[in-house]
Amino acid sequence: MKRNIVIAVVTAAALVGGGTATALAVSGDDDDASTPVTRTDDDRDDRDDRSDDGGDSDDGDRAAAPGDVTAADAIAAALKHTPGTAVSAELDDGSWEIDVLGKGDTWHSVRVDPGTGKVLGSSKDDEDDAAEVRAALKGTSVTAEQAAKAAAAKGTVVSVDLDDDGDDRGWEAETRASGGHGQDWSVGLTTASVTADRDDD
């Protein structure tokens with residue numbers, strides 16, 4: 001009877017203890033040899049946890065590294081893929097997005113990888129200002145690509161866009177300095193002269 005109680009107590013202790021529990025079951029007689037009773041938890045969960053901690057992180061958690069493809073490079077790649085007139089380029093959501101006015105009133109949005117310069121895809125856009133854009137560019141000689149190259153002397157160009165309003169028509173470019181400071185610039189449509197945008201308030 002006493003032996004059964006000891007075994008029950010030892011078994012309960014082994015089950016309650018976490019990890020690896022080792023207990024000795026002692027018989028009712030002092031002369032009997034001790035019998036080791038060992039309970040080992042399955043450590044596969046621990047191995048899984050270690051592999052999760054030491055494994056590669058999810059690609060989605062990695063911050064996208066800035067690429068070496070400039071705005072001018074991205075515009076050139078977009079126009080090679082989709083011929084037309086580039087009207088804007090912006091580094092957005094990890095890729096360059098270039099708006100291209102094609103034949104007639106057809107607009108295209110072309111995405112370019114900022115690390116490789118490869119075209120990631122393109123889609124048609126529903127825009128109705130093709131006539132205004134063509135009128136604004138009439139008689140001009142500086143393209144979006146050339147404007148991006150001119151503004152690059154002021155910093156890393158992150159966007160170029162056509163301002164077709166009124167008498168202040170021109171290319172608008174935004175640059176970022178190495179410290180992250182942003183600055184807006186106006187680039188002439190015929191001279192490619194770069195001046196600070198005073199309307200940046």
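Quantities reported herein were computed from a predicted structural model and do not represent experimental measurements.
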What are the two closest non-hydrogen atoms of Ala77 and Gly117, and how far apart are they? CB-O, 3.5 Å

Could you state the interatomic distance from CG (Asp164) to CG (Leu137), rounded to the nearest 0.5 Å? 8.0 Å

Checking the side chain of Asp113 only, and the main-chain atoms of Thr116 only, is there a donor and an acceptor separated by less than 3.5 Å? yes

Locate the shortest heavy-atom distance separating Ala136 from Leu189; write the atom from each residue and the value. O-CD1, 4.0 Å

How long is the span from the OG1 atom in Thr195 to the NZ atom in Lys154, to the nearest 0.5 Å? 9.0 Å

For Pro114 against Leu91, the heavy-atom pair lying closest together: CB-CD1, 4.1 Å

Hey, what do you get for OG1 (Thr82) to NZ (Lys124), rounding to the nearest 0.5 Å? 10.5 Å

Checking Leu79 against Val100 for the side-chain contact (heavy atoms from CB on, under 4.5 Å) test, could you report, in this order, the C-alpha distance in whole Å, the side-chain angles of both residues, the deciding distance, and whether it holds? CA-CA 8 Å; Leu79 292 177; Val100 177; 4.0 Å; yes

Determine, stepwise, if the pair Asp129 / Trp107 fulfils side-chain contact (heavy atoms from CB on, under 4.5 Å). CA-CA 10 Å; Asp129 58 349; Trp107 285 94; 3.5 Å; yes

Where Val69 and Ala74 come nearest, the two heavy atoms and their spacing: CG1-N, 3.8 Å

Can you tell me how far CD of Glu97 sits from OG of Ser122, rounded to the nearest 0.5 angstrom? 12.0 Å

Closest non-hydrogen atoms of Ala86 and Ile75, given as atom of the first, atom of the second and distance, are CB-CG2, 3.6 Å

Distance-only, no hydrogens or angles: does the Trp171 side chain make a donor-acceptor pair with backbone N or O of Ala151 under 3.5 Å? no

Interatomic distance, OG1@Thr70 vs CD@Glu145, rounded to 0.5 Å, equals 8.0 Å

Do the side chains of Val187 and Val160 join up, straight or via other hydrophobic residues, at under 4.5 Å, putting them in one cluster? yes

With side chains defined as the heavy atoms from C-beta onward, is the minimum distance between Asp73 and Trp96 less than 4.5 Å? no

What's the separation between atom OG1 in Thr106 and atom CG in Leu101, rounded to the nearest 0.5 Å? 8.0 Å

Whether Arg169 side chain and Leu162 backbone form a donor-acceptor pair below 3.5 Å: no

Begin with the C-alpha distance, continue with both residues' side-chain angles, and end with the deciding distance and a verdict on side-chain contact (heavy atoms from CB on, under 4.5 Å) for Val157 and Thr175. CA-CA 4 Å; Val157 178; Thr175 60; 4.0 Å; yes

Which atom pair, heavy atoms only, marks the closest approach of Ser141 to Gln146? O-OE1, 3.1 Å

